[in-house]
2 protein chains.
Amino acid sequence: MDVDSRLLRSFAAVAEEGNLTRAAERLFVSQPALTKQIRQLEQLLGVRLFTRSRAGMALTGPGRALAARTPAVLAAVDTAVRETRSAGRAQARVLRVGFLASAANEATQDIVAEFGRRRPGTRVELRQAAWSNPTAGLADGDVDAALLRLPFPGQDTYRVETLLTEDRVAVLPATHPLADRARLDFAELWDEPFIAAPPTTGSFRDYWLAVEARPADRPVRIGAVTDQPDEWLSAIANGYGIALAPASAARFYARPGVTYVPVDGVAPTSVGVAWAPADDGNPVVGDFVRSCLDVVGAAPTSGPSALPPEGHGPQA
Amino acid sequence: MDVDSRLLRSFAAVAEEGNLTRAAERLFVSQPALTKQIRQLEQLLGVRLFTRSRAGMALTGPGRALAARTPAVLAAVDTAVRETRSAGRAQARVLRVGFLASAANEATQDIVAEFGRRRPGTRVELRQAAWSNPTAGLADGDVDAALLRLPFPGQDTYRVETLLTEDRVAVLPATHPLADRARLDFAELWDEPFIAAPPTTGSFRDYWLAVEARPADRPVRIGAVTDQPDEWLSAIANGYGIALAPASAARFYARPGVTYVPVDGVAPTSVGVAWAPADDGNPVVGDFVRSCLDVVGAAPTSGPSALPPEGHGPQA
DNA sequence: TGCATCCATAACCTGACGGCATGGATGTCG
DNA sequence: CGACATCCATGCCGTCAGGTTATGGATGCA
């Protein structure tokens, strides 16, 4: 006899989709299960939340009232979970750092080593994220900090320090006609099929397809979709398409059958370290960010005062 | 794989009690069930929330983090539920009014009739509450407005208009030596056993025991505890003790075997209409409050501008 | 030493919940 | 106009989550 957050999540999905069937597949449950959940919620509240019709599920007045409150509830739950987990890591003296494949590349080890000198008691737990998770776990509070390619979706809701900038290069199968060129112009690649990240990654996907450097009448062709560096390299080596990558990938992801060629006509790419605003007061995160900046020899873009404080006490 | 609010409520209870056994009985579940719930929550969060010891359950660091967030989450859930239910009543053109037995007494029907003239389309649903529920459902959003004796617990978190004030009288068994007196002084009743409301009602209970009108060295004696007017009258008629009541009870709750005698030395009592601040903009509630004031011939204490607006449109 | 207090564990049982298959209502299109 | 597509509801069934009772182990206390 308690409205639990599972029901609210289901309700929110149905309210957004306006359609039980689509909401059900979004939530990875069957449509009858969702029907029952919504009925249960309605019964629990003693209120009709949707008017059912052929067209789908439309919110009633009470439904709109609930829909207005639901995001706040779910956000409160998520915040609570995130902060609790974060406190757990702090207590265990663990800093969890997420990173995307091809983010920091060879700098990563140096950063961890530098952090180890600053905070000998704290262990860094590195978590590689799939590209379908473009904040590498920052968004769901799974990690305390993340090494990411900039820009990333939702970037302005986090703190970010830029660490380094490098050119983007083309990654071609060794058998490709352009593979032996010393340089390419991106325009030469407009008609090539590209290996892309999953569509759900939005701007991240678009960024690595360089849609902004492409005329409107030459939409990108997708040769394959991959979520992991190995699949990605395999797809390229097998001739399903080409891709863009940071220059450092040529060193870090060298592999027979794959060639890296410098490209003109696309903007360079940056790596940054990101953390949640909630951790602005967290000295462990602060030390990690400082370690990042030290290793790459960068200065804080926003002045040192914007960083979490230094210090060696345990986190509150 | 979702933290549901049931687990959070359990967690909050354990955190407050510091003791599984007591928390379990507060939640009306068995102790092993709570053990499992806490374990499940810990597993879900990947964090140890309590340190178990002979002395009980003590919060860990992460536990404190969660305990700090839990009230906000539960409050958000409750708000969502309350507003949804309220919207449901508005849609159904129902105004639900809670009242405590002995609150408005004979004025109640007149108020409902007057409201019926103002809003012919809206039905008033009266809900009598037990004394153990001293806001008559206002606190849990079960009702849109409530007719209450003033003061009531948590009164300053609601809007209140005072409707009428009357003396308190003593209620005695007809066989009581003092039953045939025309007037009494409260001091004469200091040593009598009283029929009281349940201890959980706090200041409400104390108010009707008139603890403020009693010297510190004459603590009240409790003859019986009741939660309903009928039990209360029976307890008095059967000689378990006496009680104070509003003067109107002499008319409204006349019964053989029970006598009402005016008392000096206790402050008079007031009846008010209360509503939630969230309904300040609700014209239906506004019309109900105005109906109350009209019927008793009172003016708004805080000026008419503090009342919810008048109007005949449906509620938003 | 016996008792009280607290939490954990074991064994068991019920029903909540999800999945599959299907039905009913209602637009749409050839 | 009938076949079809789209949506939501329903019936049936199997599984497991979550509750209960009974009991055990640890530890102060009288």
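To find a chain, count down the sequence lines: A is the first, B the second, and so on, and within it residues start at 1.
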A/Glu17 and A/Met57: CA distance, side-chain angles, deciding distance, side chain to side chain contact (heavy atoms under 4.5 Å, CB included) verdict: CA-CA 8 Å; A/Glu17 296 283 351; A/Met57 311 277 283; over 6 Å; no
Within the structure shown, what part of the strands sits under 4.0 Å from [X] by heavy-atom distance: base, sugar-phosphate, or nothing?
| X | value |
| --- | --- |
| A/Gln40 | sugar-phosphate |
| B/Ser30 | base |
| A/Ala33 | sugar-phosphate |
| A/Gln31 | base |

[N] [atom2] sits how many Å from [X] [atom1], rounded?
| X | N | atom1 | atom2 | answer |
| --- | --- | --- | --- | --- |
| A/Leu27 | C/dG18 | CG | P | 11 Å |
| B/Leu41 | D/dA17 | CG | P | 16 Å |
| A/Phe28 | C/dG19 | CZ | P | 12 Å |
| B/Glu25 | D/dT20 | CD | C1' | 16 Å |
| B/Lys36 | D/dA22 | NZ | P | 15 Å |
| B/Leu7 | D/dA17 | CG | P | 13 Å |
| A/Ile38 | D/dC7 | CD1 | P | 16 Å |

At under 4.0 Å, does any side-chain N or O of [X] touch on OP1 or OP2 of [N]?
| X | N | answer |
| --- | --- | --- |
| B/Thr35 | C/dC7 | no |
| B/Arg22 | C/dC6 | yes |
| B/Thr21 | C/dC7 | yes |
| A/Arg52 | D/dA9 | yes |
| A/Arg39 | C/dC17 | no |

Verdict with reasoning, B/Arg26 to B/Glu16, per salt bridge (Lys or Arg N to Asp or Glu O under 4.0 Å): CA-CA 11 Å; B/Arg26 191 171 112 183; B/Glu16 278 178 37; 3.3 Å; yes
Between CZ on residue A/Arg221 and CD on residue A/Glu192, distance to nearest 0.5 Å: 7.5 Å
Of A/Gln37 and B/Asn19, the one whose closest DNA chain C nucleotide lies more 5': B/Asn19
B/Met57 side chain, from C-beta outward: closest of C/dC7, C/dC6, D/dG11: C/dC7
Exercise: do A/Gln31 and A/Thr21 side chains pair donor with acceptor under 3.5 Å: no
Face-on cation placement of A/Arg214 at A/Phe194 ring, 6.0 Å and 45° thresholds: yes
